[in-house]
Protein chains: 2
Amino acid sequence: MTMVRQTRQRAAVIEVLQASRAHPDAAWIHAQVRAQLPSVSLGTVYRTLDALVRDGVVVTIERAGQATRYDYRHDGQDHHHAVCRSCGAIFDVAAEALPVIPTLGLPEGFQVTGVRLEFMGVCPTCAGTQNPAQAGVAQRNHH
Amino acid sequence: MTMVRQTRQRAAVIEVLQASRAHPDAAWIHAQVRAQLPSVSLGTVYRTLDALVRDGVVVTIERAGQATRYDYRHDGQDHHHAVCRSCGAIFDVAAEALPVIPTLGLPEGFQVTGVRLEFMGVCPTCAGTQNPAQAGVAQRNHH
DNA sequence: TTTAATGCAAACAATTTGCAGTAGA
DNA sequence: TCTACTGCAAATTGTTTGCATTAAA
């Protein structure tokens, strides 16, 4: 039987994740965790995040060439994202604001474990400016 | 004024894209293009694909650590995807099968240019087998 | 004790970029 | 002609992996 172990580093990663709604990436999470446990490696952060994603506790926003952003599902609440094409800022969109998406048109027998909905577009700041805002983890909802 | 030029390599990339509904990645597209124009570089393929994505002609499916898959929007028709977590197979889901998604709950002033909807889950083949199918470009809708 | 989880560093792979040369307009 | 586009190769960068060690159960 496989056995999942409760470790200090795993707890730290989860804690950082829960405390942030800024859609952090692995490197940022790593830095935060190191403030508590200086010896934790980036590899461990990645492995822990993978496990959390598999468990459905954490959701990812993946963009080619850019670091994956991780999003803790607070209270198991579903929500979706609006991603600015220009500056990379990510905004939360409450799932309640959207209708339940029926799983029609799927291949016969496909078992859905999660739905990912992303609105691509231009955020208010970038829409109004010539020079787009700088993307970053710290900066969020920059409007 | 910027000027977009019609080049042989760009035409070849578009042609390959239009001919395939298998959600190919850049390397596969490159190989196909080279069958016609052996000198075309992978860099050019990437640059061309980027332009097509910007123009909204092509849609991407991005997964961390894996190659981005490119999907030509035939007839400008919107459609979404079902991605198998186990083998990576990608299935098309007709947009008609889904309700129009209202853009409520978005940040004030966010201009939506595209919606990306992905059903994550397990495909019929992987659900029924212990050992998952091999993911690949050639293999599509393996049920 | 048993073996999952870790830290470290090296390996990998996808994508981007600088630059000199090519070819559309 | 003019300059967008190309090919090439090197550089980046996010992510994964092998292995000896540590620590949770």
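Only heavy atoms go into these numbers, but all of them, side chains included; no hydrogens, no water, no symmetry mates. The sequence lines fix the lettering, A, B, ..., with proteins before strands; numbering per chain opens at 1.
- When each of B/S39 and B/G65 is assigned the nucleotide of DNA chain D with its nearest heavy atom, B/S39 is the one assigned upstream, toward the 5' end.
- A salt bridge is defined here as a Lys NZ or Arg NE, NH1 or NH2 lying under 4.0 Å from an Asp or Glu carboxylate O, and A/D78 with A/R73 meets this definition.
- Here D/dA23 presents its P atom at 8 Å from CZ of A/R8, a figure rounded to the nearest Å.
- Here C/dA14 presents its C1' atom at 13 Å from CD of A/Q66, a figure rounded to the nearest Å.
- Exactly one residue among A/R116, A/R69, A/H23 makes a side-chain hydrogen bond (donor to acceptor under 3.5 Å, both in side chains) with A/T60. That residue is A/R116.
- The distance from atom CZ of B/R5 to atom C1' of D/dC2 is 7 Å, rounded to the nearest whole Å.
- Between B/T68 and C/dT15, a side-chain N or O to OP1/OP2 separation shorter than 4.0 Å is present.
- Atom-to-atom, NE2 of A/H30 to P of C/dA9 comes out at 12 Å; the value is rounded to the nearest Å.
- Between A/T7 and C/dA4 there is no side-chain N or O to OP1 or OP2 distance below 4.0 Å.
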Exercise for the section: Report the secondary structure of DNA chain D in dot-bracket form, marking unpaired bases with a dot and bases paired to a different strand with |, and treating Watson-Crick or G-U pairs with both distances under 3.5 Å as paired. Expected result: ||||||||||.|||.||||||||||
Listing time: all N or O pairs from protein to nucleotides 10-12 of chain C that are below 3.5 Å?
none

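- In this structure, B/I14 atom CD1 and D/dC5 atom C1' are separated by 14 Å, rounded to whole Å.
- Of the candidate nucleotides C/dT15, D/dA23, C/dG7, C/dG7 has the atom lying nearest to any side-chain atom of A/Q9.
- The stretch residues 40-50 of chain B touches DNA chain D through B/V40, B/S41, B/T44, B/R47, each having a heavy atom within less than 4.0 Å of the strand.
- Remark: C1' of D/dT15 and CH2 of A/W28 are 20 Å apart, rounded to the nearest angstrom.
- Side-chain contact annotation: B/H79 with B/D71, donor-acceptor N/O pair under 3.5 Å present.
- The distance between atom CG of A/L37 and atom C1' of C/dT6, rounded to the nearest whole Å, is 12 Å.
- Atom CZ of B/R10 is separated from atom P of C/dG24 by 13 Å (rounded to the nearest Å).
- The residue A/R63 sits apart from the nucleic acid: no heavy atom pair falls under 4.0 Å.
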